[in-house]
Amino acid sequence: MAGERGEEGGEEGDPNLKKRAHAARSRLIVRLGAFLVSHSALVSVVCCVAGFITLFLLPVLAKHTYISENALMPGSANPLFSSQDVNEANRFIKGIIHKRIEKEEAGIELQKFIGQSIADVGAEVHYHKFSPHTNHFNPLHFFSSTSNTARIDTNNSCASFGVNTVGIIRAPRGDGKEAIVLVSPYNSQNMEYNEALSLGLAFSVFSLLSKVTWLAKDIVWLAADSRFGEYNSVSSWLNDYHNPIFSRDSGNLDSISNDCHHWNEIRIQGANSNFFKRAGTMAAALVFKVMEKKEKGDRDCLTMYAEASNGQMPNLDLLNIVHYLAVHRQGLRVKIETMGSLLNSAWVKFTGEILEGVSRLSKSLNPQWKFDVTTADYVEGAATLASSMYYQALGVPTGSHGAFRDYQIDAVTLEFLPRFYLRNENAQSTFLLRSGRLIEGVVRSVNNLLEKFHQSFFLYFLTAPNKFVSVGVYMIAFALLVAPLPIVAAALFARAKANEITTDDCAEKCTPIDTKESEIATGSWKWLQAAKVLLMIHSWAVIVSLLPYYISHMINLNSTMSMLTWVSLSISTLPFLYALFGSPFSLNVEWELLKAVMVATISIGLGLMSIINFSTAQIGAMLLVPMSLLVHPLKAKMNVNALLRAALLTCNIAFAFLGFPPVALLVAKGLSEGFGKLSIGDFWEWMEFLWEWNSATYLYLLWVQLPCWLLCIHILLHPCSRGDSRHKQ
Amino acid sequence: MANLLIFIADFVTAMLIRATGQKLLLSRRQSLEYLNLPKLVKNSANINAGDLASLIYLWNPLTIVTCLGLCSSPIDNLMVVLTIYAACSRLAPLAAFGYVLATHLSLYPAILILPVILLLGYGPDAPPAKLFLHKSSNSDGKDPSNNDESRSAVTTHKPVRCFSRRPVVHFMIWVSIWSCYVLFLCSIYLKGLGGLQEMFKKTYGFILTVGDLSPNIGVLWYFFAEVFEFFRNFFLIVFHVNILFMILPLAIRLKHRPCFLAFVYTAISAMLKSYPSVGDSALYLGLLGLFANELADMQFSFFLFFGYIGVSLLSPVMHNLWIWRGTGNANFYFATGLVYSCLQTVLIVESVSTMLKHDRMLRKHVIA
């Protein structure tokens, strides 16, 4: 339907373009551009459809992963991790459990125990104290790399800080410039058995590594006290690691800890153990946790989490070695997150069946074509891809590995799910043996690295643990969606210009040369009015995006009230801006120009966002591009039949409804969770979540999506009076 | 303190641009009146190019960014604009002062010597001289009713279009005086630090040999980081001569519009200089506003506007991706630099061709 509308538009623009094409006969590129512009509607329909098809084909286009960096050599050495180490782990676990039972209110007994064990294997130990930091409204944080999380209130009471225990093995064959980090989070206040197990696992690997001779990189073990959240403890340790503080009293910790007897205890106990110790730049980091399994499975399971803030991923090679060692050496089942609702979706299944049919057809045509798709594979791939995309688009890290990516360190969270219930001694030992060997193998591989990870991809989606879609492939879908935008902008601009010239021709017939000259003054710069409207609406969007900062400071507001305040304040700013700049309707801007300007900004906005966080741009483009391409004033007359007109109008209204970010979110939420539990406050909570994690998605929603939606509404409601009068002339 | 200085420099620059715009407007009106094109004159009153240009300069986000970033380019820009303004008002000593200081500060304004001489010799921008000749011959022969009036006009105008040598000679003398003075002061100041030779090596030498390859918005850093060492001198010559090659042809074609010529030169040097900054773009975009009346029909203005916005947003993000996040590489950032150069090229080409078209249009009107 858009095609019909546009073709009619194309004809309108044609004579003018022909003239221009004649004028520029010599330049091929201009002629090519003019050709594309004159068929803009066709081009945009074809591109959009192709874009959507490519997107749905992505699970099929995924490639198998391969280890790209030769230096890694995973699994080339036999693992040293033996049953002796398992015994060590068991002893450690018993010790921890004992400590926990012994003292109900643990204080820092656990940390001390861990520290003592580290010291016993002959490694350096120190304690890192941190306090929880509240997340602040800081939307541009993603852009600046220096994190400002080191905000420690000096009037903190003793109870409200966490203590990480850090052990460092100095590599016998290294120069101390590089390090590998192992992180095992646990809650020091309320420790579960599975956390004790993960600590035991970490400790046994650590004690093994303290004895081996092949280490070329230092090993850092961070037993992260996750009482304020896993991410919090890791990020504050990383922050202190990378931003040394040179103050009077050698570290901000001492100044606040003098009144706290626990801290003093540690201090007395270990010489120098309260000084922050470092071990070179980090080559990679592994975060591992053991989870309690609820139901029985046939194999031990390993789930990988890789998404860091703003859709950044660790280098694919890190995931590859983990997957390779887990599957081919230790016989674990490796999983990654999938979107459960898609696994049972009839639509996805239907698409899969169609693709299977196509593959069968292609095979019957030529057996050499390797186009093999099965429905189950497709559904699985699509669900995994969707979840990979969703977590990247959200821009919120899926675990404490996200804190590492902010310092350009590749990190991954490994979540182990044992096959049996944890208390089963035998099963526990075999499980510890396998996972210990896996971690040892990964550390050994990373230890082989000569440079930091760079060989494999940083920009990719996973469709299975061993399948990925690289940037070169998934860019195609996005590029196809965005490609028509500049062309349509040019076409609309040319059409607006053509209108100008035809009216000038009319005017010339009645009155002599005067009007022609008056056009020279404004001439090709007429779109500046439209740009003014654009500027106004974008400044409105900036104001709206800053409002939550003030609203969140108001006390006693629940999320619904905050949302309502936000909306009402935003709406009331708009007339004020209208008064200041003049409203778009009084400025007499033609809707073609307004749309051209809007489409141009959308292409810039999406292009920018695709660099900051590709998935957000991709999902946003699926909504914004059809909306902006289809938008047409309700009052403008169209030379198409009634059916098409009605379809176009419905589409317009539907997109105008869906394009509004809160509505889009609520509809998505309603579809996945049922419409019963929806409330207006949901959007506020979601936004709060986004800006607390400094997600660029927040900025995208408010600086790109919202203003474009408002412009679309303006275009829909455009009076078109001027255009009509022109037509009458 | 430095902030205030730079702020004042920017403001004075805008005021000088405005004054230049008024001079240009006056000259345009006179010449159009002489050519008997009253409609165009009436029309041009709609846009006060000087006000527009100074507003563009002050409100340009690039100017604001340079001002906030405490960049020294506002001072360079002030000197360039001062030169153009003084040359428009035929103040040879001031023009020489601006010229010498601008050259001293950033070397590239040295190529402005041609527009300045033309400005001092012929006066501000006007339609091509041919039109005046045609007009006078035309009115002599064909239009007896208009004869007396235009003849008087001819007599008042003719001296204006002649090349007057005196201000140019003055300018030359003043240039030598000022440059001797500046060099003298420098030599006193740098006595213990290696003297003038060292200064030339560290300033002009630094500009000409492109020694610092840290990324900027231009294209040369990338190129010279990639090029083999034994080709380096050759390409240095190629890149610098590139600017010099364009000077003469442009001067011949646009000799009747010296101010516009100055704009084109600043734009070219902003594009091809070894360490370009956004302050340079701020200058030529501001100067572009001076020719709003002539360039009203410019093609691709829409494209250029959004291209500039897009590139200026994209390039910091690419830089962030490369330097801070480590997921991109130098090519990402360089690509925006390349697009930026393309945009500047399109801007220069389009503005020059629009200006020539405008002259052709005037000619058509005069002949008709």
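Sequence lines set the chain letters: A, B, ... in the order given, protein chains first and strands last, and positions in each chain run from 1. These numbers come from a predicted model, not from an experiment.
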Tabulate below the donor-acceptor pairs under 3.5 Å that side-chain atoms of residues 603-612 of chain A make, not counting sequence neighbours, or state none.
residue	atom	partner	partner atom	Å
A:Ser603	OG	A:Val599	O	3.4
A:Ser603	OG	A:Ala600	O	2.7
A:Ser610	OG	A:Gly607	O	2.7

Problem set entry | Results of salt bridge (charged side-chain N to carboxylate O under 4.0 Å, His left out) for B:Glu350 - residues two or more places apart only | none

Exercise. Can you tell which of A:Val597, A:Asn315, A:Leu459 has the highest number of heavy-atom pairs within less than 4.5 Å of chain B?
Worked result: A:Val597

Exercise. Is it true that atom CZ of A:Phe457 has more than 12 heavy atoms of other residues, nucleotides or ligands lying nearer than 6.0 Å?
Worked result: yes

Problem set entry | A:Leu534, part contacting chain B, at a heavy-atom distance under 4.5 Å | side chain

Exercise. Non-hydrogen atoms of chain A under 4.5 Å away: do they reach the side chain of B:Leu321, the backbone, both or neither?
Worked result: side chain

Problem set entry | Crowding at CG, A:Leu580 (>12 non-hydrogen neighbours, <6.0 Å) | yes

Seminar exercise, completed: Honestly, the part of A:Ala531 sitting under 4.5 Å from a heavy atom of chain B is side chain

Exercise. Taking the six-membered ring for Trp, are B:Phe302 and A:Trp527 parallel (under 30°), tilted (30 to 60°) or perpendicular (over 60°)?
Worked result: perpendicular

